Amino acid sequence: MRVLIASSEAIPYCKTGGLADVAGVLFKELNVMNIDARLILPLYSNISRDFELTDTGIELRIFLNRRYYSGRIYTHNKAIFIGCDELYGREGLYGDKTGDFADNALRFSYFCKAVIEVCKAIDFRPDIIHLNDWQTSLVPLYLRTEYSGDDFFRDTLTLLTIHNLGYQGLFSPEDLSATGLGREVFNPEGIEFYGKVNFLKAGILYADILSTVSRKYAEEITTPEYGFGLDGILKKRSADLFGILNGIDYREWSPEVDKLIQSRYSAEDLKGKALCKEKLMEQCNIRLKKGAPLLAFVGRLSVQKGVELIIEGLDKLIGYGCGVILLGTGTREAEESLLSISLEGRENLYIRLDFDEVFAHSVYAGSDMVMMPSRYEPCGLVQMIALRYGTVPVARNTGGLSDTIEDYNALNDTGTGFLFDDYNLAVFLESIKRALTLYSFSRRWQKLMKRGMEKDFSWRRFASEYVELYKKALKERLK
Ligand code: ADP
């Protein structure tokens, strides 16, 4: 089977969020499983700097926006990079601190066309083109329009994985020319969305199959509450919509082998975790009373992640005797609002506005709980990592959080974390208090930690599930 994974980010090359982990790990794992998988990415500045790429010498000339844009194909093992300095030779992937790049419609239209052109240029006929999010969502539409008579793709199916419906690639109608698509597709049955051009909608309408990153989220996005206006068309396609939970790479994320943490530990021997906590508190200048818990938040400072509940509840959390660590990055506005929090009188609060993976390892290992009061969470990797490190999640009962965390039940002493339903401060704090109560019973708490540490959210499982989905789609096409 030949699979082309098209993504706007993938580890180890470039990353802003969970999509990078999923795309990079899937690419690697499919090849381990003897599937001929290629990965295709735009060539951002950092990649040319950090990796030794092979120049294939193959040029691309793509007509968009009333002119030709020249590109060049580079490779690194089986990964393919679309070089076009004019569009990708920048530091940010999608934008900078001031916001999104103004030419993103053009940048990702070009990328979508390049995905198709590269297949022909290197003579790689994929059985499946696995697309990810809005940045690659025009591929199925190009295949149905401009390339519809092209025999090269006669046997190719497209799968679009939606990692986050909150990001749809919405552009003004003037940007239609950047896509190279005709006005005939710009209507409510096509890619128009309340007067705008919607890239993700193209993928939802025209990809052969759809998936998203948890079963619960697959259900949620067909409802108005979580559908961001696309619930109607998603509902229509629900027979082709599947939920496959992401996974994490336990070679990187396991306290038994993690070289980035102060002391290694395991579910059988938790002593090292106490050392990690001590070291982390020292690093963050947090002084807690003996037996007091350390709570952390790791993630993007976006409305989605519900950071505002943590900020609103900060004084209460500190008042309960907890230490609080916030590690995150966001828009300048979000970062400034966090910076404006006075640290005075809040001794046990530490904020780091940085994307710092090394520090993230220490935070997962040294904290007692992670807080994830997300408004919505398609899958979430943070809670999976936290569970592995015996760091108990307190999270909203939504999307992937519902699928991966089992709410603690005091009656029969089961569960792996604490879930709450309503998005409001009082309910969030109530679940924190439930967690704190159990935390004071250290034997029960340790059992809770161990149950979480023993869960398996490995990439091995999710890669096999994607392969099953590819096979199912190919078999159904044959019918
Ligand atoms: P999303 O993809 O919505 O941003 P996920 O929970 O799926 O959220 O994945 C986030 C990933 O990025 C996790 O691996 C998390 O550890 C990492 N991460 C997020 N923010 C930071 C940060 N400021 N520093 C280091 N790692 C971070």
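All of these numbers come straight from a predicted model, not from anything done at the bench. Counting convention: from 1, in listed order, for ligands and their atoms alike. If you read the sequence from its start, that first residue is 1, and numbering goes on from there.
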- Within the protein, residues bringing a heavy atom under 4.0 Å of ligand 1, chain by chain: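 Shell around ligand 1 (4.0 Å, heavy atoms): Lys15, Gly17, Gly18, Val298, Gly299, Arg300, Lys305, Leu327, Gly328, Asp354, Phe355, Asp356, Glu357, Ala360, Tyr364, Gly380, Leu381, Val382, Ile385.
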- Output, in order, the C-alpha distance, side-chain angles, deciding distance and verdict of side-chain hydrogen bond (donor to acceptor under 3.5 Å, both in side chains) for Asp368 and Tyr439. CA-CA 9 Å; Asp368 295 296; Tyr439 186 78; 3.3 Å; yes
- Pair Glu430 + Lys433: basic N to acidic O under 4.0 Å: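 A salt bridge links Glu430 with Lys433.
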Kindly say whether the aromatic ring centers of [X] and [Y] come within a distance under 6.0 Å.
X: Phe108; Y: Phe199; result: no
X: Tyr250; Y: Trp459; result: no
X: Tyr13; Y: Phe81; result: yes

- Message: Checking His361 against Asp258: is there a side-chain donor and acceptor pair closer than 3.5 Å?
- Response: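 Side-chain D/A pair, Asp258 to His361: present.
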